[in-house]
Amino acid sequence: MQMVFGLVIGIAAIAFVIIWVVRMWMEAHRDVVLHHDVHLDNLPEALDGTTFFFISDVHRRVIAEEIITAVDGRASFIVIGGDLTEKGVPFDRVETNVRRLRDLAPVYFVWGNNDYEVDARKLETLLHACGVHILDNSAALLENEGARLVLVGVDDYGTERDRLDLAMDDAPKDGFRLLISHNPDIREKVESNMGISFILSGHTHGGQIRLFGWGPREKGGMKQYPGYTLLISNGYGTTTIPLRFNAPAETHLISLKRNENACLDRA
């Protein structure tokens with residue numbers, strides 16, 4: 001009887017582990033576009049409603065057709081927040097991902113730490129060939145009815161390649177500024193006189209595996225700081241192991257709104 005009881009407990013434990021691993025695998029491979037209305041002070045009226053798609057930390061994944069379909073016709077531009085690839089990812093897979101995004105809208109890219117695990121020159125050549133705008137400590141200007149939206153992009157903070165000062169020097173003085181940085185720690189260098197209203201970042205994977213509310217890295221989400229809003233994305237892919245727990249994969253369709261003080265998210 002004791003042997004039978006032990007066998008039952010063992011089978012139940014194995015079943016629990018299998019179910020848990022399956023759940024983690026599903027969180028890591030889900031294809032979800034989160035919709036955000038981000039309310040920002042001083043957003044020009046002509047930019048009200050500007051919508052774009054943000055994806056970070058693709059790593060080894062292929063961007064699913066479900067994602068492309070959900071974004072198609074809704075985004076005026078695309079932002080890749082770094083870690084588009086990593087060591088061991090075939091370049092043809094990277095090209096597939098870039099082409100899928102490029103077919104939606106103009107694409108802007110900042111470097112992440114894992115992007116430097118591959119041949120960076122080859123990656124840069126691929127991106128340029130696909131018409132991607134690389135923001136490596138530089139800025140890009142988008143205009144609508146005379147209003148200027150400035151995308152300020154920095155190279156990877158974690159590898160000390162970031163030069164926010166150079167990116168700001170490259171930015172027009174009279175535009176509404178969004179800062180794109182793979183690593184959210186760039187916030188430590190943001191000053192009130194820079195006129196940055198919104199920061200897009202990834203890198204943390206939301207901790208990737210969070211137990212009892214704790215994870216090895218910062219949880220993703222929309223965060224408020226004096227003078228600006230920071231988005232930390234959980235990211236689309238994974239690193240080291242293809243599993244997640246309480247930090248599910250995500251991408252973002254973001255609409256800029258004016259004259260509000262809160263960020264309203266809707267799934």
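Throughout, numbering of the chain's residues begins at 1 and tracks the sequence.
Between Phe77 and Phe52, the ring planes lie parallel to each other; the angle is under 30°, not in the 30° to 60° tilted range. Between Phe109 and Trp111, the ring-plane angle classifies as perpendicular under the 30° and 60° cut-offs.
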Quiz prompt | Residue pair Thr251, Ile63: steps toward the side chain to side chain contact (heavy atoms under 4.5 Å, CB included) verdict | solution = CA-CA 10 Å; Thr251 66; Ile63 300 172; over 6 Å; no
Self-check item: side chain to side chain contact (heavy atoms under 4.5 Å, CB included) between His59 and Val89, worked out
Solution: CA-CA 8 Å; His59 290 285; Val89 176; over 6 Å; no
Quiz prompt | Trace of the side chain to side chain donor-acceptor pair (under 3.5 Å) decision for Tyr236 with Asp31 | solution = CA-CA 8 Å; Tyr236 186 62; Asp31 296 301; 2.5 Å; yes
Quiz prompt | Derivation and outcome, side chain to side chain donor-acceptor pair (under 3.5 Å), residues His205 and Thr239 | solution = CA-CA 9 Å; His205 296 195; Thr239 189; 5.9 Å; no
Self-check item: salt bridge (charged side-chain N to carboxylate O under 4.0 Å, His left out) between Asp119 and Arg121, worked out
Solution: CA-CA 6 Å; Asp119 186 333; Arg121 290 187 178 181; over 6 Å; no
Exercise. For Met222 and His252, run side chain to side chain contact (heavy atoms under 4.5 Å, CB included): C-alpha distance rounded to whole Å, both residues' side-chain angles, the deciding distance at 0.1 Å, then the answer.
Key: CA-CA 11 Å; Met222 201 76 71; His252 311 268; over 6 Å; no
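Of the possible polar contacts, one joining the Ser76 side chain to the Thr51 backbone as a donor-acceptor pair under 3.5 Å is found. Using a distance-only test at 3.5 Å, with no hydrogens or angles considered, no donor-acceptor pair links the side chain of Asn97 to the main chain of Val94. Looking at Asp136, its side chain never comes within 3.5 Å of a backbone N or O of Asp155 through a donor-acceptor pair. Of the possible polar contacts, none joining the Arg60 side chain to the Pro242 backbone as a donor-acceptor pair under 3.5 Å is found.
Applying the side chain to side chain donor-acceptor pair (under 3.5 Å) test to Thr238 and every residue at least two apart in sequence or in another chain returns nothing. Among residues two or more places apart in sequence or in another chain, the side chain to side chain donor-acceptor pair (under 3.5 Å) test is passed with Glu191 by none.
No option in Ile78, Val71, Ile68 other than Ile68 meets the side-chain contact (heavy atoms from CB on, under 4.5 Å) test with Arg100. When each of Asn113, Asp83, Asp57 is tested with His203 by the rule side-chain hydrogen bond (donor to acceptor under 3.5 Å, both in side chains), just one qualifies, namely Asn113. Screening Arg23, Lys219, Gln208 for a side-chain hydrogen bond (donor to acceptor under 3.5 Å, both in side chains) involving Asn246 leaves a single residue, Arg23.
If you chain together hydrophobic residues whose side chains sit under 4.5 Å apart, Val98 and Leu123 fall into the same group. In the hydrophobic clustering of this structure, Ile232 does not group with Leu34; members are Ile, Leu, Val, Met, Phe, Trp, Tyr whose side-chain heavy atoms approach within less than 4.5 Å, directly or through other members. No continuous path of hydrophobic side-chain contacts links Val190 to Leu149 [ILVMFWY only; heavy atoms under 4.5 Å]. The cluster map of Ile, Leu, Val, Met, Phe, Trp and Tyr, joined by side-chain heavy atoms under 4.5 Å apart, puts Ile67 and Ile80 in the same cluster. Side-chain heavy atoms closer than 4.5 Å link hydrophobic residues (I, L, V, M, F, W, Y) into clusters, and following such links, possibly through other members, connects Ile196 to Val152.
Here the CG atom belonging to Leu211 is positioned 6.5 Å from the CZ atom belonging to Phe245, to the nearest 0.5 angstrom. Atom CZ of Arg258 sits about 11.5 Å away from atom OG1 of Thr50, to the nearest 0.5 Å. Considering CG of Leu230 and CZ of Phe198, their distance stands at 8.0 Å, rounded to 0.5 Å.
For residues 125-134, no pair satisfies side chain to side chain donor-acceptor pair (under 3.5 Å), with sequence neighbours left out.
Taking the centre and axis of the six-membered ring of Tyr116, the NZ or CZ atom of Arg161 falls inside the cone set by 45° and 6.0 Å.
Using a 4.0 Å cut-off between charged side-chain N and carboxylate O, Arg187 and Asp185 make a salt bridge. The pair Arg210-Glu27 fails the salt-bridge criterion, with no side-chain N (NZ, NE, NH1 or NH2) lying under 4.0 Å from an Asp/Glu carboxylate O.
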